Amino acid sequence: AQSVSQHNHHVILSEAASLELGCNYSYGGTVNLFWYVQYPGQHLQLLLKYFSGDPLVKGIKGFEAEFIKSKFSFNLRKPSVQWSDTAEYFCAVNARNNDMRFGAGTRLTVKP
Amino acid sequence: EAQVTQNPRYLITVTGKKLTVTCSQNMNHEYMSWYRQDPGLGLRQIYYSMNVEVTDKGDVPEGYKVSRKEKRNFPLILESPSPNQTSLYFCASSNDRYYGYTFGSGTRLTVV
């Protein structure tokens, strides 16, 4: 069965710092990859997704992620974080005939 | 507006008192799912439904029931809630789960 690992449990950054959140998955076949964001007290919102094509995908709010197939990774990046990026971030993986699996989440705190 | 609506948003109940959390979507999605979110564990799937009258267990189905009598509704039933079911619950729907979900706003359940 597929699984998803997010290695950073809690990341604390100052405003304008660069962000990279790690996500690794275990599944040998073709997968779709997602990053969701959950702002405090809110539901999950899709940040970006990768289905095929260019492995560097751009999402909303200046986020991007790179799919590296050989490393089974889909890391999320943002060049300069803002206080409003404080949230929890979930990586998710989906394969045909399997349901979506989420990582444990990474809590990002951005200090003003 | 396309959305997944859950009710109630917050619920405090006592052990053993049956409760239902409702979920409704207005996007004519065939696929609906229930997740619970717990700190450090991410989102784990409870039950899913691929269409009317078609439901199946997810990763953590114990203590829960679901039904899908209409396409738009997918209620989650806790027949005898216990404190270990205290959690944040999300309903989600999709046209094709392979391509991601739309999530509801969540229901925070506390069982005392």
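Computed from a prediction, not measured in an experiment: that's the story for all the values here. We name chains A, B, ... by the order of the sequence lines, and we start the count at 1 in each one.
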Inset, instruction - Report yes if the distance between the aromatic ring centroids of Phe102(A) and Tyr35(B) is under 6.0 Å, otherwise no. - result: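 Between Tyr35(B) and Phe102(A), which both carry aromatic rings, the centre distance is below 6.0 Å.
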
Item checked: Aromatic centroids of Phe103(B) and Tyr36(A) separated by under 6.0 Å ->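 Aromatic pair counts; centres sit under 6.0 Å.
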
Contact winner vs chain A - Ala92(B), Pro39(B), Gly100(B), Gly106(B), heavy-atom pairs under 4.5 Å
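Among the listed options, the one with the most contacts to chain A is Gly100(B).
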
- Task: Give, as side chain, backbone, both or neither, the part of Thr106(A) having an atom under 4.5 angstrom from any heavy atom of chain B.
- Result: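 Answer is neither: Thr106(A) stays 4.5 Å or more from chain B.
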
- Task: Sort Glu88(A) into side chain, backbone, both or neither according to what part of it lies under 4.5 angstrom from a heavy atom of chain B.
- Result: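 Side chain only.
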
Any chain of hydrophobic side-chain contacts (each under 4.5 Å) joining [X] to [Y]?
X: Tyr39(A); Y: Leu48(A); value: yes
X: Tyr48(B); Y: Trp34(B); value: no
X: Val54(B); Y: Tyr31(B); value: yes
X: Val21(B); Y: Val112(B); value: no
X: Phe67(A); Y: Val4(A); value: yes

Can you tell if the side chain of Leu43(B) reaches within under 4.5 Å of the side chain of Arg101(A), non-hydrogen atoms only?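 Contact flag for Leu43(B)/Arg101(A) side chains = no.
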
Problem - Flag side-chain contact, heavy atom, 4.5 Å: Gln38(A) against Gln37(B) - result: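 The answer is yes, as the side chains (C-beta and beyond) meet within the 4.5 Å cut-off.
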
Legend entry - Separation of Ser33(B) OG from Met100(A) CE (nearest 0.5 Å):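 OG of Ser33(B) is found 9.5 Å from CE of Met100(A).
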
ask   = Where do Ala104(A) and Gly40(B) come nearest, in terms of heavy atoms and distance?
value =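 Result for this residue pair: CB-O, 3.3 Å.
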
Go through the steps for Thr102(B) and Leu46(A) under the test side-chain contact (heavy atoms from CB on, under 4.5 Å), then give the verdict. CA-CA 8 Å; Thr102(B) 300; Leu46(A) 183 66; over 6 Å; no

Counting only heavy atoms from other residues, nucleotides and ligands, does the tally under 6.0 Å from [atom1] of [X] exceed 12?
X: Lys65(B); atom1: NZ; answer: no
X: Ile60(A); atom1: CD1; answer: yes
X: His9(A); atom1: NE2; answer: no
X: Arg44(B); atom1: CZ; answer: yes

Side chain, backbone, both or neither: which part of [X] has a heavy atom under 4.5 Å from chain A?
X: Tyr101(B); value: both
X: Arg9(B); value: side chain
X: Asp96(B); value: side chain

